[in-house]
Amino acid sequence: MKGAVRVERVVTHGTFSLDGDTFEVENNVWLVGDDEEVLIVDAAHDAGAIHRATAGRRVSAVVCTHAHDDHIDAAAALSTRTGAPVLLHPDDHELWSRTHPARKPDGELTDGRVLTVAGIELQVIHTPGHTWGSCCLYAPFLDAVFTGDTLFHGGPGATGRSYSDRPTIEASIRARLLTLPGGTVVHTGHGQDTTIAAERPNVPAA
């Protein structure tokens, strides 16, 4: 008996550094799967804690919603421990190389790609703006979307640093995320969950 497919959250602590500044941050790491197989979304800070949370299950992939260092700093170590491939959109390879100059991702996230874990599908949605390669993962079976730093409780993610653009992130959210069913739960990269319906008023119209 595999058990029900479920979403688990691991909260990790560390730093985010870009453009000469460093900040203390708390990240959400998401595990999607059942009792036998799990997919990791955003391997942040603490490879040991994330690995313990997998509880001996087979890890199908380490998926990076984007390549800011606080979302990928544990990805290489987790890949080594589990044998799972690291997946990232190619538009974020330059950012990735700042954190992992000697190791490339193992595979590419592309818009429309479907990842499978524990018998369910997660659809890759390319949502540039927070970074050029930012992606979200939509799991219709779970009525959930994993948005990284693209969409938070309260609206769009930050765009005040390199590799980002405010009009682009707002357009991505309007076209690719706000069109999802309103009851879809939004699992974010930092902070609390929200829903698509709750965030529609928080995204400026075109």
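As the structure is a computational prediction, the values presented were derived from the model and not from experiment.
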Is any side-chain heavy atom of His153 closer than 4.5 Å to a side-chain heavy atom of Asn202?
no

Partner set under side-chain contact (heavy atoms from CB on, under 4.5 Å) for Pro167, not counting sequence neighbours:
Asp165

Does a donor on one side chain sit under 3.5 Å from an acceptor on the other, for His66 and His89?
no

Please name the residue in the list Arg98, His130, Arg161 that meets the side chain to side chain donor-acceptor pair (under 3.5 Å) test with His68.
His130

Residues clustering with Leu177 (ILVMFWY side chains joined when closer than 4.5 Å, directly or via others):
Ile125, Tyr138, Val145, Leu151, Ile169, Ile173, Leu178, Leu180, Val186, Ile196, Val203

Considering only NZ, NE, NH1 and NH2 on the basic side and carboxylate oxygens on the acidic side, decide whether Asp34 and Arg57 come within less than 4.0 Å.
no

Under 3.5 Å side-chain donor-acceptor pair for His71 and His190:
yes

Tell me if the CD atom of Glu8 is crowded by more than 12 foreign heavy atoms within 6.0 Å.
yes

Does Arg166 have any salt bridge (Lys or Arg N to Asp or Glu O under 4.0 Å) partners at least two apart in sequence or in another chain, and if so, which?
Glu170

Are a donor atom and an acceptor atom from the side chains of Glu121 and Thr116 found within less than 3.5 Å of each other?
no

Under the ring pair (Phe, Tyr, Trp, His ring centres under 6.0 Å) definition, can you give me all pairs with a residue in residues 161-187, not counting sequence neighbours?
Trp30-His187, Phe146-His187

Check which hydrophobic residues are tied to Val114 through side-chain heavy-atom contacts below 4.5 Å, counting indirect links as well, and list them.
none

Does Thr22 have any side-chain contact (heavy atoms from CB on, under 4.5 Å) partners at least two apart in sequence or in another chain, and if so, which?
Thr15, Ser17

